[in-house]
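The structure under discussion appears below in the form of structure tokens.
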Amino acid sequence: MHPIIEAAGREGVLPGWANVSSRRHTHIARVTELLDDWADNIGIGAEERVRWRAAGRLHDALKDAPLEEQSRWAGEGWPDPVMHGPACAERLRADGVEDEELLLAVAFHSIGHPALTDLGEHLYLADYLEPGRNQDHAQLARLRERMPAERDAVLREVAAARVRRLLDNRLPLLQPTAEFWNRVVKQGVD
């Protein structure tokens, strides 16, 4: 396991290049706590839980960095609000992290991607469902209570809410989001 993943997952230590406000640290802690609880509930082993906690700790490590820095790492084509995920994944890759499952989870935690695995889907959910979100707290609490037992159904509801928000605000639906939505919906039909 890469030292950055070890440090983030075991001790909660972010890399020196992270740019995280105190408010963001609190969000990251809540996301990580949800991931850890869910991993425990579904019987994820101790070493794998280190990766899950690391994904929670690292997903917003560049969220508060200047957009120029995020863009330098993420490359072209990312809307400002979601650029931090791909930027962080590329920054981790530059530091030698080769865990593609974790990198994909970090990169697409806010928009979804059809290749997300359990780790990525749980990070996508935890980022949306964490109790500090400025959304319908009662609805988020109901969805959290259903996790992880009803993960697939909750995933469909969260993906629908995220897509609906984009459409309601006339924001672009990125291709990975559309493909993720199609995969999630198809899973519910089978």
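For residues 129-155, no pair satisfies ring pair (Phe, Tyr, Trp, His ring centres under 6.0 Å), with sequence neighbours left out. Here salt bridge (charged side-chain N to carboxylate O under 4.0 Å, His left out) pairs that include residues 136-155, with residues two or more places apart or in two chains, are D118-R151, E121-R151, R146-E150, R146-E157. A salt bridge (charged side-chain N to carboxylate O under 4.0 Å, His left out) check over residues 66-84, counting only residues at least two apart or in different chains, returns nothing.
Here D99 pairs with R51 under the side chain to side chain donor-acceptor pair (under 3.5 Å) rule; sequence neighbours left out. Listed by chain and residue number, H59, D60, D127, E130 satisfy the side chain to side chain donor-acceptor pair (under 3.5 Å) test with H27 (two or more places apart in sequence, or in another chain). Remark: T26 engages no residue in a side chain to side chain donor-acceptor pair (under 3.5 Å) (not counting sequence neighbours). Partners of D95 according to the salt bridge (charged side-chain N to carboxylate O under 4.0 Å, His left out) rule, which considers only residues two or more places apart in sequence or in another chain, are R91. Shown here are the side chain to side chain donor-acceptor pair (under 3.5 Å) partners of R57, two or more places apart in sequence or in another chain: there are none. Residues meeting the salt bridge (charged side-chain N to carboxylate O under 4.0 Å, His left out) test with R165, sequence neighbours left out: none. Looking at residues two or more places apart in sequence or on another chain, you find a ring pair (Phe, Tyr, Trp, His ring centres under 6.0 Å) between W38 and H122. A search for side-chain contact (heavy atoms from CB on, under 4.5 Å) contacts involving A149 returns nothing, not counting sequence neighbours.
Counting all heavy atoms, side chain and backbone alike, A87 lies closest to W73 at O-CB, 3.6 Å. For the pair A89 and V106, the tightest heavy-atom approach, listed with the atom from each and the gap, is N-CG1, 4.1 Å. Across all non-hydrogen atoms, the minimal contact from P86 to A74 is CB-CB, 4.0 Å. Looking at every heavy atom in both residues, S110 comes nearest to R162 through O-NH1, 3.4 Å.
One finds the CE atom of M83 at 10.0 Å from the CH2 atom of W78 (value rounded to the nearest 0.5 Å). Here the CG atom belonging to L104 is positioned 9.0 Å from the CG atom belonging to L119, to the nearest 0.5 angstrom. Rounding to the nearest 0.5 angstrom, the gap separating the CG atom in L143 from the OH atom in Y128 is 7.5 Å. One finds the CG atom of L35 at 9.0 Å from the CG atom of L125 (value rounded to the nearest 0.5 Å).
Formation of a donor-acceptor pair under 3.5 Å by the K63 side chain with backbone atoms of N19 is not found in this model. When atom types are taken as modelled, the side chain of T32 and the backbone of I28 share a donor-acceptor pair closer than 3.5 angstrom.
Atom CD of E98 has 12 or fewer heavy atoms from other residues, nucleotides or ligands within 6.0 Å.
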Using a 3.5 Å cut-off and no angle test, enumerate the donor-acceptor pairs between side-chain atoms of residues 173-181 and protein atoms at least two apart in sequence or in another chain.
unit_1 : atom_1 : unit_2 : atom_2 : d
Q175   : NE2    : E179   : OE2    : 2.7
T177   : OG1    : I111   : O      : 2.9

**Request:** Applying salt bridge (Lys or Arg N to Asp or Glu O under 4.0 Å), run through R93 and E90 and close with a yes or a no.
**Result:** CA-CA 5 Å; R93 188 174 274 114; E90 289 307 313; 2.5 Å; yes
